[in-house]
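See below for the structure under consideration.
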There are 2 protein chains.
Amino acid sequence: MRIGELAEKTGVSRDTIRFYERNGLISSSVSDSTTNNYRDYKDDCVVKLKFFAGAREAGMSIADLRSIMDSTADSCDPEVGRRVIQSKITELKERAGQIENVIRFLENVKNGSG
Amino acid sequence: MRIGELAEKTGVSRDTIRFYERNGLISSSVSDSTTNNYRDYKDDCVVKLKFFAGAREAGMSIADLRSIMDSTADSCDPEVGRRVIQSKITELKERAGQIENVIRFLENVKNGSG
DNA sequence: TAAAACAATGGACAATGATCCACGGTTTGA
DNA sequence: TCAAACCGTGGATCATTGTCCATTGTTTTA
């Protein structure tokens, strides 16, 4: 599919898609056409971009996402890949714990002890 | 206390403390001394800065933190303040849910279905 | 077939959240 | 007393994460 359709399906803007591609989060191929140099995006880009949107909201950086993408590449040792992903999971759990702390703090403030 | 001691106690750098102060997250008074214009920070700054550090890790912005600080000021209607804080709590809970989703996704990837 | 919509490229711009640096003045401690 | 460590101010710089724009070319559609 072309970039417009991909943007439509994912809710991620064309500019942002191009930005992500420049930063190695997704890749595309050149279209079959001989008259243009439009890019062709596969269905997996839809899945990835939707994941990225959620992951960004969860506080993951582009660099985090790139390391995850790299770690799932065929060229990557599966054991290394699992370690990378496990470390991101650990970070996310820490962040979730931090959020719990902040929520507790704010509940206290709201209930008058702040 | 002076800024160096505050930085020492909180782990927040002097530059960052000054940055936060410029942005209205904390305030200080001028020291008693007539020979310098050093700032004087009260103990509550320690508590606030530690909270800020956790809250930033939890994904809250400076603007979020400022609105919370404003909402706890004496000049603020307590009911308004509670609403502001409640809305931040709600946002944090949504973020926590998003983190759970991402963790589940990554667990799946790690376990081979990705 | 002409206008509208779409695409690629490259670079400018912006907001956020810091960090760093130079300067001149102050305090501290050896 | 004198150097080292500290302080305030102001501005420069930086990384991150996009967004916007101009230009040029292509496709779609009315």
Side-chain angles (χ1 to χ4, degrees), chain A residues 1-42 45 48-69 88 91 95 98 102, chain B residues 1-42 45 48-69 88 91 95 98 102:
Chain A
M1 81 194 77
R2 302 206 297 222
I3 196 168
E5 187 180 349
L6 182 58
E8 176 76 19
K9 282 183 175 166
T10 60
V12 178
S13 77
R14 289 154 214 244
D15 276 331
T16 299
I17 291 171
R18 293 193 184 106
F19 171 73
Y20 285 174
E21 187 165 4
R22 275 202 302 285
N23 284 278
L25 297 193
I26 57 172
S27 57
S28 61
S29 49
V30 295
S31 73
D32 291 340
S33 169
T34 55
T35 58
N36 68 33
N37 61 338
Y38 291 1
R39 310 295 310 176
D40 181 62
Y41 296 88
K42 307 294 183 197
C45 290
K48 286 181 180 178
L49 286 174
K50 285 181 176 177
F51 165 65
F52 296 157
R56 296 281 307 118
E57 272 189 66
M60 302 189 80
S61 69
I62 304 293
D64 286 337
L65 295 175
R66 189 171 45 220
S67 76
I68 288 172
M69 288 305 107
K88 297 305 171 192
E91 281 176 25
R95 188 188 305 269
Q98 198 61 50
V102 174
Chain B
M1 82 193 77
R2 302 205 298 222
I3 196 168
E5 187 180 348
L6 182 58
E8 176 76 19
K9 281 183 176 165
T10 60
V12 177
S13 77
R14 290 154 212 247
D15 275 332
T16 300
I17 291 172
R18 293 194 184 105
F19 171 72
Y20 285 173
E21 187 165 5
R22 275 201 302 286
N23 284 277
L25 297 193
I26 57 171
S27 58
S28 60
S29 48
V30 295
S31 71
D32 291 342
S33 168
T34 56
T35 57
N36 67 34
N37 62 337
Y38 291 2
R39 312 294 310 175
D40 181 62
Y41 296 89
K42 307 294 183 195
C45 289
K48 286 181 180 178
L49 286 175
K50 284 182 176 176
F51 166 65
F52 296 158
R56 294 281 306 119
E57 272 188 66
M60 301 188 79
S61 70
I62 303 293
D64 287 337
L65 295 175
R66 189 170 46 220
S67 77
I68 289 172
M69 289 304 107
K88 297 304 169 192
E91 282 175 26
R95 190 188 304 270
Q98 198 61 49
V102 175

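Below, all heavy atoms of this structure are taken into account, side chains as well, without hydrogens, waters or symmetry copies. Chain identifiers are assigned alphabetically (A, B, ...) following the order of the sequence lines, protein sequences preceding nucleic acid strands; residue numbering begins at 1 within each chain.
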### Message
Measure CD1/B:Ile17 against P/D:dT9 and give the value in whole Å, please.
### Response
14 Å
### Query
In whole angstrom, what separates A:Glu5's CD from C:dA8's C1'?
18 Å
### Query
Rounded to whole angstroms, how far apart are CG on B:Leu65 and C1' on C:dT16?
13 Å
### Message
What is the separation between atom CD1 on A:Ile26 and atom P on D:dG18, rounded to the nearest whole Å?
### Response
13 Å
### Atom-pair distance (CG on A:Leu25; C1' on D:dG18), nearest Å
13 Å
### Query
B:Ser31 side chain N/O closer than 4.0 Å to the phosphate oxygens (OP1, OP2) of C:dT26?
no
### Donor-acceptor under 3.5 Å (A:Glu57 side chain, B:Gln98 main chain)
no
### Query
In whole angstroms, how far is the P atom of C:dT16 from the CZ atom of B:Phe52?
17 Å
#### Entry: A:Phe19, nearest nucleotide to its side chain (from C:dA18, D:dT17, C:dA8)
D:dT17
## Note on the structure
With the side chain defined as heavy atoms from C-beta on, A:Ile62 is closest, among D:dG8, D:dT17, C:dT19, to D:dT17
### Message
Any base atoms under 4.0 Å from A:Arg56, or only sugar-phosphate, or nothing? Heavy atoms, all strands.
### Response
sugar-phosphate
### Task
Please report the closest heavy-atom contact between A:Asn36 and A:Ser31, naming both atoms and the distance.
OD1-OG, 2.9 Å
### Task
With the side chain counted from C-beta on, respond yes when A:Asp15 and A:Phe19 share a heavy-atom pair under 4.5 Å apart, and no when they do not.
no
#### Entry: Euclidean distance, B:Phe51 CZ relative to B:Met60 CE, rounded to 0.5 Å
5.5 Å
### Query
Atom CZ of A:Arg66 and atom P of D:dA15: how far apart are they, to the nearest Å?
14 Å
### Message
D:dT27, OP1 or OP2 - any side-chain N/O from A:Asn36 closer than 4.0 Å?
### Response
yes
### Message
So if I take every side-chain heavy atom of A:Ser61 and compare against D:dG8, C:dA8, D:dT17, which nucleotide ends up nearest?
### Response
D:dT17
### Query
Judged by atom type as modelled, is there a donor-acceptor pair below 3.5 Å linking the side chain of A:Asp40 to the main-chain atoms of A:Met1?
yes
Just the table, please: protein N/O against nucleotides 21-25 of chain C N/O, every pair under 3.5 Å.
residue	atom	partner	partner atom	Å
C:dG25	N2	B:Tyr38	OH	3.1

### Task
Using heavy atoms to find the nearest nucleotide of DNA chain D for A:Asn37 and A:Arg22 separately, return the residue whose nucleotide is more 5′.
A:Arg22
### Message
Could you tell me if the side chain of A:Tyr20 sits less than 4.5 Å from the side chain of A:Lys48, heavy atoms only?
### Response
no
### Message
So that I can tick it off, tell me whether A:Lys88 and A:Glu91 are bridged by a salt bridge, with the cut-off set at under 4.0 angstrom between side-chain N and carboxylate O.
### Response
yes
### Task
Mind calculating the distance between CZ (A:Arg18) and P (D:dC20) to the nearest angstrom?
13 Å
### Message
Of the options C:dT19, D:dG18, C:dG17, whose atoms approach the side-chain atoms of A:Tyr20 most closely?
### Response
D:dG18
### Query
Choosing from C:dT26, D:dT26, C:dT19, which nucleotide comes nearest the side chain of B:Ser13?
C:dT19
### Query
Within the structure shown, what part of the strands sits under 4.0 Å from A:Arg2 by heavy-atom distance: base, sugar-phosphate, or nothing?
sugar-phosphate
### Message
How close do B:Arg18 and B:Ile3 get, counting heavy atoms only, and between which atoms?
### Response
CG-CD1, 3.5 Å
